[in-house]
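Here's the structure we're looking at; comments come further down.
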There are 2 protein chains.
Amino acid sequence: MIKQTQTTEESIKVFKALADPIRLEIVKYLSQLDHEVSCGEISQAMQISKTSGSYHFKILQEAGLISVRKVAREKYVILDRSTFDRHLTHFWQNL
Amino acid sequence: MIKQTQTTEESIKVFKALADPIRLEIVKYLSQLDHEVSCGEISQAMQISKTSGSYHFKILQEAGLISVRKVAREKYVILDRSTFDRHLTHFWQNL
DNA sequence: TATATAGTTCAAAAATATTTGAACTATATA
DNA sequence: TATATAGTTCAAATATTTTTGAACTATATA
């Protein structure tokens, strides 16, 4: 049993990040693939501009919902499920 | 095992509703008491005006996170835990 | 070297969300 | 009946979020 701490601020960031249709679709897409995917591939799949993609990835990353690996020109993202667990799955425990 | 359906729109409403410090505090307060509480009592505990309270309760209600019972002049609210379960606790199952 | 590709940054515009106070409805009580 | 209480509604002001395109950095490739 692991003791969790999280500030209200962190939770707000997570809920804000999930409170947008594009970002929720990105999460759904990543959860189905369940491996690293490049930002370009995701932007294409979501039909959004790269500028818009860049904005939304930043918000997801700052909420801790995705983690990011830079490989040369490209950026690969993957879900960080521990953050979902902490804030969603174990919502009542950590409130 | 119960089959769940939920639209993206519903999920967005829930996450938006939780993406605000006042509303998250209201949820925390209600979860600790775990029984019906009047809007007035909550507004007082949160130190917000009744107008602001009214606004936030509406958003929580429209997201399905609280249910409401009107008794004469007063309005009593209580958490609807099934909505939290559907959208948070069982996030991955229902995505 | 020249050109293409992946992604970022910036500022302006547009869209949404929140706060505020005044006026309101409905019910309770002196 | 007069007054107080609980909560709603409205519109204006403010704050925050999202979109957009142009200019940019860094890397790859012809």
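Naming convention: chains lettered A, B, ... in sequence-line order (proteins, then strands); numbering from 1 in each chain.
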Review point. Does C:dA17 have OP1 or OP2 sitting under 4.0 Å from an N or O in the side chain of B:His56?
Key: no
Review point. Does C:dA14 have a Watson-Crick or wobble mate here (both distances under 3.5 Å), and if so which one?
Key: D:dT17
Review point. Separation of B:Lys58 atom NZ from C:dA17 atom P, in whole Å?
Key: 12 Å
Exercise for review: Decide whether B:His90 and B:Gln4 meet the rule of one side-chain donor and one side-chain acceptor closer than 3.5 Å.
Suggested key: no
Study note, to complete from the structure: Nearest-nucleotide check on DNA chain D, A:Ala72 vs A:Lys16; residue mapping nearer the 5' end is A:Lys16
Point to revise | Short N-O contact, B:Asp34 and B:Arg81, less than 4.0 angstrom | key: yes
Practice item. Would you mind reading off the distance between B:Glu25 atom CD and C:dT18 atom P, rounded to a whole angstrom? Key: 16 Å
Check your understanding: Can you check the B:Ile59 CD1 to D:dG7 C1' distance for me, whole Å?
Key -> 16 Å
Practice item. Return the value, rounded to whole Å, for the distance between atom CD1 of A:Ile66 and atom P of C:dG7. Key: 12 Å
Check your understanding: Could you state the CZ-C1' distance from A:Phe57 to D:dT18, rounded to the nearest angstrom?
Key -> 15 Å
Exercise for review: Kindly point out which of D:dG21, D:dA28, D:dA4 is positioned nearest to the side chain of A:Thr51?
Suggested key: D:dG21
Check your understanding: Between B:His87 and B:Phe15, how do the two ring planes meet: parallel, tilted or perpendicular, split at 30° and 60°?
Key -> perpendicular
Review point. Should B:Tyr76 and B:Glu41 be marked as a side-chain hydrogen bond (donor to acceptor under 3.5 Å, both in side chains) after you check the CA-CA gap, both sets of side-chain angles, and the distance that decides it?
Key: CA-CA 10 Å; B:Tyr76 291 93; B:Glu41 174 183 334; over 6 Å; no
Check your understanding: To the nearest Å, how far apart are B:Ile22 CD1 and D:dT16 P?
Key -> 12 Å
Revision key, fill the gap. Out of C:dT18, D:dT18, D:dT19, minimum distance to the side chain of B:Asp20 belongs to C:dT18
Practice item. Kindly say if A:Lys75 contacts the phosphate of C:dT8, meaning a side-chain N or O under 4.0 Å from OP1 or OP2. Key: yes
**Study point:** Residue matched to D:dT9 through Watson-Crick or wobble contacts both under 3.5 angstrom
**Key:** C:dA22
Review point. Taking the side chain of B:Lys50 as heavy atoms from C-beta outward, which of D:dT18, C:dG21, D:dG7 is closest to it?
Key: D:dG7
Exercise for review: Using heavy atoms to find the nearest nucleotide of DNA chain D for A:Val71 and B:Glu41 separately, return the residue whose nucleotide is more 5′.
Suggested key: B:Glu41
Check your understanding: Rounded to the Å, how far apart are A:Ile12 CD1 and D:dA15 P?
Key -> 19 Å
Point to revise | Base partner of D:dT27, which must satisfy Watson-Crick or wobble distances under 3.5 Å | key: C:dA4
Practice item. Please report, rounded to the nearest Å, how far the C1' atom of D:dA6 is from the CZ atom of B:Arg69. Key: 15 Å
Practice item. Pick base, sugar-phosphate or nothing for B:Ile48, based on heavy-atom distances below 4.0 Å to the nucleic acid. Key: nothing
Review point. Between C:dT19, D:dT18, D:dT8, which nucleotide gets closest to the side-chain atoms of A:Tyr55?
Key: D:dT18
Exercise for review: Would you confirm whether B:Ser52, through its side chain, and B:Ser49, through its main-chain N or O, come within 3.5 Å as a donor-acceptor pair?
Suggested key: no
Practice item. Using a strict 4.0 Å threshold on nitrogen-to-oxygen distance, state whether B:Glu36 and B:Arg69 make a salt bridge. Key: yes
Check your understanding: Distance check: side-chain N/O of B:Arg73 vs OP1/OP2 of C:dT25, anything under 4.0 Å?
Key -> no
